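Here the structure is laid out as structure tokens; the discussion comes afterwards.
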Amino acid sequence: MSPAISVTVNGATHTVAAGVSVRQALDGAGGRDVIAARVNGKLVDMSRPLEHDATVEPIAADSPAGIEVIRHSTAHLMAQAVQSLFPGTQVTIGPTIEDGFFYDFAPARPFTVEDLPRIEQKMRELAKADLKVERIEVARDEAIETFERMGEHYKVEILENIPEERVSIYKQGDWMDLCRGPHVPSTRYIRAFKLTSVAGAYWRGDEHNAMLSRIYGTSFATKEALEEHLQLIELARTRDHRKLGREMGLFLFDPISPGSPFFLPKGAIIYGALVDYMRRLYRRYGFDEVITPQVFKNELWHTSGHWENFRENMFLTNDREGEAGDEVDAGSDGWRKGYAFKPMNCPGHTFVYRAEKRSYRDLPLRIADFGRLHRAERSGALHGLTRVRTMAQDDAHVFCAPEQVAEEIDLNLRMVRDVYTALGFERLESRVATMPEKHLGTAETWRANEAVLGAALDRNGLPWEENPGEGAFYGPKIEIYVPDALKRKWQLATIQLDYNMPERFDLTYTTSAGSEARPVMIHRAILGSLERFIGVLIEHTGGVLPMWLAPEQVRVLSLSEKVEDYAAEVAALIKAEGWRASADLRNEKLGFKVREAELAKVPFMVVVGEREAAAREVSLRLLRGAKGQTLGLAALLALLKAEPVPA
RNA sequence: GCCCAUGUAGCUCAGUCGGUAGAGCACUUCCUUGGUAAGGAAGAGGUCACGGGUUCGAAUCCCGUCGUGGGCUCCA
């Protein structure tokens with residue numbers, strides 16, 4: 001006779017015998033689609049026996065926690081299918097991720113997309129077989145022996161790094177995997193899944209390790225939810241900035257300079273409008289813009305630490321094969337060698353600082369620069385405008401006294417707020433990136449500075465997480481992230497604290513007491529890189545940009561050749577008021593011209609026919625909005641003028 | 001850089017078993033003067049990414065290079 005324990009389910013407490021399973025304890029509470037439970041706050045399987053008093057919460061298949069469990073179980077199901085179809089394949093890890101799961105395998109040959117339908121088919125069979133999913137607890141040593149015998153060397157390596165003495169193994173049919181769980185009670189609960197892609201991935205994410213074969217997939221509680229998700233992805237594809245950029249004639253890429261956008265006239269307008277906007281903010285916030293060189297002698301990069309820490313990302317000038325380009329002598333062309341394109345503006349800005357003997361009265365000194373940067377990004381990293389080899393940031397460096405740091409960070413966080421609110425980004429995520437492996441300075445200084453950045457985010461009411469080891473080599477960073485159409489998150493704004501660069505360039509200022517002191521450098525960008533920002537902005541807006549950023553703000557559409565003169569006159573009038581306007585006088589039907597203007601995402605379409613010409617009026621059509629409103633020319637100009645522009 | 005996929009007209013894509021290229025849109029010209037997302041006709045446009053190889057013959061098969069896409073890694 002087992003001792004009795006009390007179990008609380010949905011607020012009601014019952015007494016049951018110790019050792020009853022979670023399923024029995026729940027006794028049907030929460031409906032038929034319960035796949036796991038939370039016992040005293042911990043997720044467990046339905047079959048787990050209860051030994052002590054507990055509060056048991058049912059987890060429904062379609063709850064967030066339930067979907068996680070299903071995805072994890074789907075990853076297992078996939079691994080089972082893969083190992084049955086491709087004997088000799090080793091399993092490694094298979095976690096859930098946002099929107100799905102993946103599993104990394106060590107197969108005899110890498111998987112290709114052609115393998116996916118077969119694997120999916122096998123998975124459906126296994127799901128239909130309704131295999132019971134069993135949890136078995138074993139001693140770690142025993143588990144190591146078992147997986148060793150099975151030839152699962154990666155699992156053995158994982159086990160060897162697990163501190164616990166006892167581990168859990170999940171079994172379904174004749175297949176098993178080391179796993180913390182929990183899982184669905186049986187494979188039949190896995191009913192709406194799809195394998196989406198294959199990819200290479202390094203074991204433990206380290207490129208020195210073996211390349212594994214990763215299969216991505218997703219899984220939902222119901223077929224409807226899966227369908228909805230797949231449709232959302234399709235929709236997101238239509239907002240891809242690379243597609244829209246081509247359709248809207250904003251920019252192009254050419255193999256002649258990989259990863260380097262050509263901004264076409266329309267794209268350059270967006271670019272310029274953003275720069276103009278930042279310049280207005282600079283005047284308000286007390287930044288001074290400078291223009292600095294593009295290439296510098298390597299000496300600069302040695303002093304700054306870039307040579308040691310960033311050289312692999314730099315374009316070096318060197319016309320001789322196989323040389324590092326570090327020597328500034330050698331031959332008649334020697335003067336040309338030993339330079340590098342700047343990947344950052346900061347070292348150059350120390351020379352602006354040093355232009356004068358500085359005193360505390362000069363601080364904070366805020367130096368802004370839209371200079372073009374070049375970074376030798378690895379070929380596989382390139383991605384449209386969001387990952388490029390040449391870019392300009394709305395970059396600035398604040399040189400300040402140590403006691404001014406908090407105030408200056410606050411000022412820049414306020415700018416971040418201003419800009420992102422003005423541009424309609426409401427959901428920002430913040431992180432503090434901490435000391436990387438390659439770094440300058442001591443760990444103590446790093447920790448102190450990381451704390452300063454965290455405190456600043458707290459002060460400004462921005463929730464944040466730590467991003468371990470991701471700081472710049474010279475100091476920790478505040479990173480602001482914004483998601484793109486496919487929910488990939490891109491780092492845009494950044495605020496970085498740097499005590500190293502001033503040291504290395506021996507920057508000083510005279511204090512009020514007359515002594516010499518070392519200034520602190522704050523590196524920061526609000527938009528980040530203009531290129532990436534424009535990419536994310538296009539996806540965020542689906543190409544429908546606010547009036548002040550629209551490359552073409554107004555297009556006058558003539559109905560027929562009879563009103564050509566009037567249409568041209570209206571367009572000229574609008575242009576004279578300073579708007580970016582054009583007239584479509586082509587010999588085409590109105591419907592055709594409207595369609596083209598819609599595709600070009602022109603916010604204001606001004607239609608003129610014989611009726612309008614006679615009355616000296618226009619018929620207005622707004623992008624994706626109202627149409628057919630007739631108004632006089634003065635009223636039209638007033639309406640345009642009322643369009644919002646950020647301060 | 002690594003894994004997988006991929007590269008045919010400006011764009012989106014067909015092209016069977018290897019027999020030296022096709023469509024739609026865009027472009028040019030003509031007809032049409034049309035009222036809010038595609039009017040009609042004709043024409044022009046391609047060293048099938050590049051370099052090798054196999055073959056009587058390669059857009060097609062093989063190898064390499066470059067680019068692109070999805071990931072890994074890296075980062076604004």
Side-chain angles (χ1 to χ4, degrees), chain A residues 102 104 107 109-116 196-216 240 242-243 246-247 249 252-259 310 312-313 343-344 373 375-389 391-395 433 436 470 472 477 479-481 486 488 490-494 496 523-533 535-536 557-564 587-599 605-612 619-624 626-629:
Chain A
F102 67 79
D104 285 350
R109 61 148 178 96
F111 297 122
T112 76
V113 276
E114 267 107 69
D115 297 323
L116 297 186
T196 49
S197 60
V198 292
Y202 300 105
W203 169 235
R204 294 184 187 275
D206 185 334
E207 63 179 316
H208 302 297
N209 289 340
M211 174 63 74
L212 304 171
S213 194
R214 174 174 296 181
I215 302 180
Y216 283 93
D240 190 312
R242 293 166 298 188
K243 180 174 158 10
R246 193 170 38 240
E247 286 173 5
L252 65 83
F253 285 90
D254 191 280
I256 202 68
S257 184
F310 210 73
E312 59 197 38
N313 284 309
M344 298 182 191
L373 307 177
R375 296 186 185 178
E377 297 294 344
R378 304 216 249 168
S379 58
L382 303 178
H383 180 95
L385 285 182
T386 48
R387 192 85 193 146
V388 293
R389 287 197 175 135
M391 61 175 150
Q393 297 172 297
D394 57 330
D395 200 10
E470 294 296 324
K477 313 194 265 195
E479 304 174 325
I480 309 282
Y481 290 81
L486 289 167
R488 286 177 292 221
W490 295 101
Q491 186 195 319
L492 298 177
T494 180
Q496 313 172 350
H523 309 235
R524 53 106 277 194
I526 308 293
L527 300 174
S529 86
L530 272 305
E531 282 74 7
R532 178 180 290 178
F533 189 84
V536 174
L557 312 179
S558 61
L559 191 66
S560 73
E561 284 170 8
K562 291 177 200 149
V563 292
E564 216 179 277
N587 175 14
E588 296 290 348
K589 291 198 160 193
L590 181 60
F592 183 82
K593 294 183 183 183
V594 165
R595 178 181 149 81
E596 294 217 328
E598 286 274 347
L599 289 175
M605 285 161 264
V606 172
V607 176
V608 300
E610 287 181 86
R611 287 204 298 271
E612 287 81 7
S619 169
L620 187 64
R621 180 186 169 110
L622 300 177
L623 182 59
R624 305 257 169 85
K627 57 183 174 187
Q629 185 197 354

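In what follows, chains carry the letters A, B, and so on, assigned in the order in which the sequence lines appear, proteins first and then strands, with residues in each chain numbered from 1. Keep in mind that what you see is a predicted model, and the values were worked out from it rather than measured.
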**OP:** Remember a base hit wins even if backbone is also touched, and classify A:Ala381 as base, sugar-phosphate or nothing at under 4.0 Å, heavy atoms.
**Re:** base

**OP:** Answer with base, sugar-phosphate or nothing: what part of the nucleic acid does A:Phe533 contact at a heavy-atom distance below 4.0 Å?
**Re:** nothing

**OP:** Would you classify A:Gly259 as touching base, sugar-phosphate or nothing, given that sugar-phosphate means primed atoms plus P, OP1 and OP2, and contacts are heavy atoms under 4.0 Å?
**Re:** sugar-phosphate

**OP:** Calculate the interatomic distance between A:Asp240 atom CG and B:G70 atom C1'; express it in whole Å.
**Re:** 12 Å

**OP:** Sequence neighbours left out, what pairs pass salt bridge (charged side-chain N to carboxylate O under 4.0 Å, His left out) with at least one residue falling in residues 202-212 of chain A?
**Re:** A:Glu157-A:Arg204, A:Glu207-A:Arg378

Subject >> With sequence neighbours excluded, residues passing side-chain contact (heavy atoms from CB on, under 4.5 Å) with A:Leu382 >> reply: A:Pro258, A:Glu377, A:Arg389

**OP:** Might you point out which heavy atoms bring A:Leu492 and A:Leu527 nearest each other, and give the distance in Å?
**Re:** CB-O, 3.7 Å

Original post:
What is the distance, rounded to the nearest whole Å, between atom CG of A:Leu252 and atom P of B:G67?
Top reply: 17 Å

Original post:
Is there a side-chain polar atom (N or O) of A:His383 under 4.0 Å from OP1 or OP2 of B:G70?
Top reply: yes

**OP:** List for me each residue that meets side-chain hydrogen bond (donor to acceptor under 3.5 Å, both in side chains) alongside A:Tyr216, sequence neighbours excluded, and say none if there are none.
**Re:** A:Arg214

**OP:** Could I get the full list of side-chain hydrogen bond (donor to acceptor under 3.5 Å, both in side chains) partners for A:Glu531, not counting sequence neighbours?
**Re:** A:Tyr271, A:Arg372

Original post:
Partners of A:Phe111 by ring pair (Phe, Tyr, Trp, His ring centres under 6.0 Å), sequence neighbours excluded?
Top reply: A:Phe86, A:Phe105

**OP:** Not counting sequence neighbours, which residues clear side-chain contact (heavy atoms from CB on, under 4.5 Å) with A:Pro436? List them please.
**Re:** A:His439, A:Trp446

Subject >> Non-hydrogen atoms of A:Glu612 and A:Val607 that approach each other most closely >> reply: CG-O, 4.0 Å

Original post:
Quantified in whole Å, what is the P atom distance between nucleotide B:A14 and nucleotide B:U8?
Top reply: 10 Å

Original post:
What is the nucleic acid contact for A:Arg378, judged by heavy atoms within less than 4.0 Å: base, sugar-phosphate only, or nothing?
Top reply: base

Original post:
Does A:Tyr202 make a side-chain donor-acceptor contact with the base of B:G1, cut-off 3.5 Å?
Top reply: yes

Subject >> Residues which pass side-chain hydrogen bond (donor to acceptor under 3.5 Å, both in side chains) with A:Ser213, listed by chain and number, not counting sequence neighbours >> reply: none

Original post:
In chain order, what residues pass the side-chain contact (heavy atoms from CB on, under 4.5 Å) check against A:Phe592, with sequence neighbours excluded?
Top reply: A:Arg586, A:Glu588, A:Glu596

Subject >> Nearest-angstrom distance, C1' atom, B:G19 to B:A38 >> reply: 39 Å

**OP:** Mind checking which stems touch RNA chain B? I mean at least 3 consecutive Watson-Crick or G-U pairs, both distances under 3.5 Å.
**Re:** B:1-7 with B:66-72, B:10-13 with B:22-25, B:27-31 with B:39-43, B:49-53 with B:61-65

Original post:
When you compare B:G18 with B:U60, how far apart are their P atoms, in angstrom units rounded to a whole number?
Top reply: 11 Å

**OP:** Round to the nearest Å and state the distance from A:His208 atom NE2 to B:C2 atom C1'.
**Re:** 12 Å

Original post:
Distance between the C1' atoms of B:A26 and B:C11, in whole angstroms?
Top reply: 7 Å

**OP:** Kindly indicate whether the side chain of A:Arg214 and the base of B:C72 share any N or O donor-acceptor pair separated by less than 3.5 Å?
**Re:** no

**OP:** Starting at the 5' end of nucleotides 33-47 of chain B, put B wherever the base has a protein heavy atom under 4.0 Å, S where only the sugar-phosphate does, and a dash everywhere else.
**Re:** BBBBBBS--------

Can you check nucleotides 12-14 of chain B for protein contacts, nitrogen or oxygen pairs under 3.5 Å, and list what you find?
unit_1, atom_1, unit_2, atom_2, d
B:U12, OP1, A:Arg246, NH2, 3.0

Original post:
If you pin A:Lys477 and A:Tyr216 to their nearest nucleotides in RNA chain B, which one's is more 5'?
Top reply: A:Tyr216

**OP:** Figure out the CG/P separation between A:Asp206 and B:C3, and round it to whole Å.
**Re:** 16 Å

**OP:** Determine the contact category for A:Leu557: base if any of its heavy atoms lies under 4.0 Å from a base atom, sugar-phosphate if only primed atoms, P, OP1 or OP2 are that close, otherwise nothing.
**Re:** nothing

**OP:** Determine the Euclidean distance between corresponding C1' atoms of B:G7 and B:U47; express it in Å to zero decimal places.
**Re:** 16 Å

**OP:** Have a look at A:Ser379 and say if it touches a base, only the backbone sugar-phosphate, or nothing, with a 4.0 Å heavy-atom cut-off.
**Re:** base

**OP:** With heavy atoms under 4.0 Å as the rule, sort A:Phe102 into base, sugar-phosphate or nothing.
**Re:** nothing

**OP:** Could you work out the separation of B:C3 and B:G57 based on their C1' atoms and round it to a whole Å?
**Re:** 36 Å

Subject >> Pairwise P distance for B:G22 and B:G46, with rounding to whole Å >> reply: 14 Å

**OP:** Give one of base, sugar-phosphate or nothing for A:Glu377, where a contact means two heavy atoms less than 4.0 Å apart.
**Re:** base

Subject >> Partner residues of A:Ala433 under the side-chain contact (heavy atoms from CB on, under 4.5 Å) criterion, sequence neighbours left out >> reply: A:Asn467, A:Glu470, A:Lys477, A:Glu479

Original post:
Roughly how far apart, to the nearest Å, are B:G64 and B:C75 at atom P?
Top reply: 31 Å

**OP:** Nearest-nucleotide wise, let me know which of A:Pro258 and A:Gln393 is further upstream toward the 5' end of RNA chain B.
**Re:** A:Pro258

Subject >> Separation of B:G71 P from A:Arg204 CZ (nearest whole Å) >> reply: 24 Å

